[in-house]
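Remarks on the structure that follows.
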Amino acid sequence: MVDYWQSLLLGPYIPHGHCYLWQPGLVWLHLLSDALIALSYWLIAGALIYFVQRRPDVPFKPLFWLFAAFIAACGATHLISVWTLWFPTYWVSGTMKALTALVSLATALELVPRLPLALALPNATQLMDMNRALQDEIGDRKQAEASLRTAEQEVRQLNQTLEERVQRRTAQLEAAKQQIETLLEQERQARLTLQVTTTDLQETAERLNLALSAAQMGSWDWQLDTNTQVWSSQTEQIMGFEPGTVASTAEGLAERVHPQDLPEIQALVNDAIANQSEFVGQCRLRWPDDTWHWISVYGRVVAVKEGHSQRLVGVVQDITVAKQAELDLQASERRFRAVFEQAAVGMARLDWQGHWIQVNQKFCDILGYRPEELINRSFQSITYEGDKLQDEYYYHQLLTEQTPCQFEKRYLHKDGSPVWTLVTASVENDEADCPLAFIAIIEDIEDRKAAQEELLRRADEMANTNLMLAHTTAMLEQRNAELDQFAYVASHDLKAPLRAISNLADWIGEDLEGQIPTENRRQLDLLRSRVQRMEALINGLLEYSRVGRRQRSMVAVDLNLLLANVIDSLDPPPQFRVEVPTDLPTLYSHKTALGQVFANLINNAIKHHHRAGEGGSEGAGEACAKDMRGTVRITWQDQGQWLEFAVADDGPGIAPQYHDKIFTIFQTLKARDDFESTGVGLAVVKKIVEAENGRVWLTSTVGEGTTFYFTWPFIKTLPAQESEDLMDSSE
């Protein structure tokens, strides 16, 4: 039996403090607020009971007892709210609220019929008129007493001569005295009655004003026969005026009622007057500051004469806040419904047991159902069998933790086929922040799932491809190593006979000095030059094959120092001037590769320069050393991520048809017998620059010189990987 009552009282509920997440500040705020409200309510109820007991003559005594019971019940509900913070006895709380509701309803039903009786009590003006009449009568009595005293004096003077008349007058005076005493007693009783009535009227008015103030209501009184109105100060405040600053007229009030609401209010008033009944209505009222406020008006006919209504009384209440909240709620509901129904994804609401209570059309389109086929069905009934365990997990997580969650699942289409969806679920709470329902957003991800499967398939293919590439890269690295070894061996094996041929030519020239004919001497010199050309060609081939395949480290490069070292190593003729800017920046780069580009371009300008201007670069005629006069000018521009360099000379220039040809390996513009060149230098420059993702080009006019341009990465900070490699090497 005890377990039954415990389950009935506590049930499967949680204390209200869970709704506040047991935050101490929030729990104490509600605890203290409810406790103080309960204490205040009980003090008010006790004061009312004490007042009624001390004043037995108070009218409407049952109404006071009902007010005391109503206020005490309200205090009890707040006290139980403190109890339910820790103990979920919501049945007890609900029972107490129901009891409070019954007492409140009884109080309201008792109060409304008593309002006309309270309003019918004599007012202060009527009491003042009665008092004035009594004062006039007292004055008359005082005047009669004065006359009596005068008559007595005359009687004393005429006593001796008018004895017979004295007796008669004495009897008359005795009768008058008796009458005066009677009148004085009547006056005293009237004064006492007036005082009691005035006190009762004041107390009744105070109680009425207290009740109206507690309800934030104002009263009004409309004398229909004279068309005059009386407004209470609270009524004037509700209308936006300071008390006593505006005339109380029906016309003035009608001018300030919203034009759209005025016909309805006038119809209600006219119907109440015609039928001698009551009316209730709402309207918008314009305040003096041109703002609109909602008011509720109640009126009732209380005086009828000869079949016609003579007096209409009632109350008015400002309901702007409640009405605005109602309008905002309606607007919010309309917006929510519009978003809910027109959403591009499926949306639904489920009750606490997991049954659909509202679905939009998009969700129905995804699964092929009509809305009425889903309402009141469990979400598990249309869930794919393999996803039910997952659904149960997230369902219990929402029940216990009430935190939003997102997961993928398959629903069953009406035709039985599974449909992949992305579900986002959250908890909808009521005004008290207690769980009310679930909200689910369902997105069709069939296409996404197909794309994911395709991506997984492509990822597998990519992984296989990467394995093949890794294998191919390893093979290429091995082939490159073999190629480097072959190039080294080939260079060594090719240079060996060339050095032997060169030595033989030198020995023949030394042994037959003076005996060799001129033609044979020229052929012997030609043999030496061909050997030197072959050796230079082998060195150029080695350098060209190594570009981009050697491991190079990134270091800080001071371009001013780099160019100074390059020019010093080239050792240009004294008559040749190389102009270098003094504001060159410092960058992180492959120092050797950049120095090789500058060296090849400057050396190309010096080697192919001559004053006569015949031929072109790489193909110019031979010039004598003493005639080698010229200028090479180096300039640069900062283009953000790139540096653009220009190496300009004042040599013979290159014809436009050869601009692309000169960057091809082994290409020269003159016969090698006329000018010794391998045709590898500019090809190496092009290959180095393009290995850095830069580009190289030239502009030239025959007879006016040539300018070679190239771009180089402008790296201002050392890359992370290079920094790690540098640290590893230092260790």
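For clarity, every value in this text was computed on a predicted model and none was experimentally measured.
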I'd like to know if the side chain of Thr711 and the backbone of Arg695 have a donor-acceptor N/O pair within less than 3.5 Å. yes
Step through the shown structure and confirm whether more than 12 heavy atoms of other residues, nucleotides or ligands are within 6.0 Å of NZ on Lys449. yes
With a 4.5 Å heavy-atom cut-off, do Val580 and Ile567 have their side chains touching? yes
Heavy-atom donor-acceptor pair, Ser700 side chain to Gly705 backbone, under 3.5 Å: yes
Side chains of Gln397 and Gln402: any donor to acceptor distance under 3.5 Å? no
Is the shortest heavy-atom distance from the side chain of Glu692 to the side chain of His590 under 4.5 Å? yes
Going through the distances and angles, do Phe379 and Phe438 end up as a ring-ring contact (aromatic ring centres under 6.0 Å, His included)? CA-CA 11 Å; Phe379 70 94; Phe438 298 120; 8.2 Å; no
When you look at Lys388 and Glu392, which way does the salt bridge (Lys or Arg N to Asp or Glu O under 4.0 Å) test go after all the steps? CA-CA 6 Å; Lys388 287 186 177 181; Glu392 285 292 336; over 6 Å; no
Short question: side chain of Asn464, backbone of Asp460 - any donor-acceptor pair under 3.5 Å? yes
Could you please spell out the steps behind the salt bridge (Lys or Arg N to Asp or Glu O under 4.0 Å) verdict for Arg448 and Glu446? CA-CA 5 Å; Arg448 187 191 307 176; Glu446 280 288 315; over 6 Å; no
Crowded around Arg633 CZ? As in, over 12 foreign heavy atoms under 6.0 Å? no
Answer yes or no: does atom CG of Asp583 have more than 12 heavy-atom neighbours from other residues, nucleotides or ligands under 6.0 Å? yes
Asn560 side chain to Leu584 backbone, donor-acceptor under 3.5 Å: yes
Any chance you could lay out the salt bridge (Lys or Arg N to Asp or Glu O under 4.0 Å) test for Arg457 and Glu453, step after step, and finish with the verdict? CA-CA 6 Å; Arg457 187 181 63 81; Glu453 293 177 358; over 6 Å; no
Can a donor-acceptor pair be found, under 3.5 Å and without considering hydrogens, that links the side chain of His413 to the backbone of Asp415? yes
Would you say that more than 12 heavy atoms from the other residues, nucleotides or ligands in this model lie under 6.0 Å from the CD of Gln641, or not? no
Heavy atoms only: give me the nearest Pro585-Leu643 pair and the separation to one decimal. CG-CD1, 4.0 Å
Output, in order, the C-alpha distance, side-chain angles, deciding distance and verdict of ring-ring contact (aromatic ring centres under 6.0 Å, His included) for Phe645 and Trp636. CA-CA 4 Å; Phe645 296 98; Trp636 70 285; 7.2 Å; no
Glu408 backbone acceptor or donor facing Gln390 side chain under 3.5 Å: yes
Between Asn600 and Gln596, does any side-chain donor sit less than 3.5 Å from a side-chain acceptor? no
Show your reasoning for whether ring-ring contact (aromatic ring centres under 6.0 Å, His included) applies to Trp356 and Phe363. CA-CA 12 Å; Trp356 306 102; Phe363 181 56; 5.1 Å; yes
How about Leu562 and Lys591: do any of their side-chain heavy atoms sit closer than 4.5 Å? yes
Is there a donor-acceptor contact under 3.5 Å from the side chain of Asp649 to the main chain of Val632? no
Applying side chain to side chain contact (heavy atoms under 4.5 Å, CB included) to Leu587 and Ile715, what does each step give before you reach the verdict? CA-CA 6 Å; Leu587 71 158; Ile715 302 175; 5.6 Å; no
Side chain to side chain contact (heavy atoms under 4.5 Å, CB included) for Gln406 and Leu422? Distances and angles first, verdict last. CA-CA 7 Å; Gln406 187 178 71; Leu422 176 65; 3.7 Å; yes
Begin from the C-alpha positions of Tyr411 and Tyr369 and carry the test ring-ring contact (aromatic ring centres under 6.0 Å, His included) through to its verdict. CA-CA 12 Å; Tyr411 280 108; Tyr369 290 94; 9.7 Å; no
Between atom CD of Gln639 and atom CD of Glu644, what is the distance when rounded to the nearest 0.5 Å? 4.5 Å
Distance in Å, Leu412 CG paired with Ile382 CD1, rounded so as to fall on 0.5 Å steps: 8.0 Å
Does NZ or CZ of Lys409 fall inside the cone over Phe407's six-membered ring, less than 6.0 Å from its centre and within 45° of the axis? no
Does a sphere of radius 6.0 Å around CG in Leu389 hold more than 12 heavy atoms from other residues, nucleotides or ligands, not counting ones at 6.0 Å or beyond? no
Would you say Leu682 and Phe708 make side-chain contact, with heavy atoms under 4.5 Å? yes
Between Thr424 and Pro404, is any pair of side-chain heavy atoms under 4.5 Å apart? no
Before you tell me yes or no, could you show the steps for Trp712 and Ile688 under side chain to side chain contact (heavy atoms under 4.5 Å, CB included), namely the whole-Å CA-CA distance, both residues' side-chain angles and the distance that decides it to 0.1 Å? CA-CA 10 Å; Trp712 196 264; Ile688 291 175; 4.0 Å; yes
Would Phe710 and Phe598 count as a close aromatic pair, with their ring centres under 6.0 Å? yes
Decide yes or no on side chain to side chain contact (heavy atoms under 4.5 Å, CB included) for Ile654 and Val702, but give the supporting numbers first. CA-CA 5 Å; Ile654 302 174; Val702 177; over 6 Å; no
So which atom in Val566 and which in Ala599 form the shortest heavy-atom distance, rounded to 0.1 Å? CG1-CA, 3.6 Å
Could you tell me which non-hydrogen atom of Ala605 sits nearest to which non-hydrogen atom of Phe576, and how far apart they are? O-CZ, 4.0 Å
Rounding to 0.5 Å, atoms OG1 (Thr421) and CG (Asp387) come to a distance of 8.5 Å
In this structure, NZ of Lys686 is separated from CH2 of Trp697 (nearest 0.5 Å) by 11.5 Å
Are side-chain heavy atoms of Val557 and Tyr588 found at a separation under 4.5 Å? no
Closest heavy-atom pair, Val359 versus Ala348, reported as atoms and distance to 0.1 Å, is CG1-CB, 3.8 Å
Kindly indicate whether the side chain of Ile442, heavy atoms from C-beta on, has any atom under 4.5 Å from the side chain of Lys362. no
Quick check: do Thr635 and Pro581 have side-chain heavy atoms less than 4.5 Å from each other? no
Check: Asp444/Trp420 side-chain N/O donor and acceptor closer than 3.5 Å: no
Rounded to the nearest 0.5 Å, what separation is found between the OG atom of Ser589 and the CG atom of Leu594? 5.5 Å
Nearest heavy atoms of Phe714 and Gly640, plus distance in Å: CD2-O, 3.6 Å
Heavy-atom closest contact (Gly368 atom, Lys414 atom, distance): O-CD, 3.2 Å
Pairwise distance OG1(Thr707) to CG(Asp650) - rounded to 0.5 angstrom: 10.0 Å
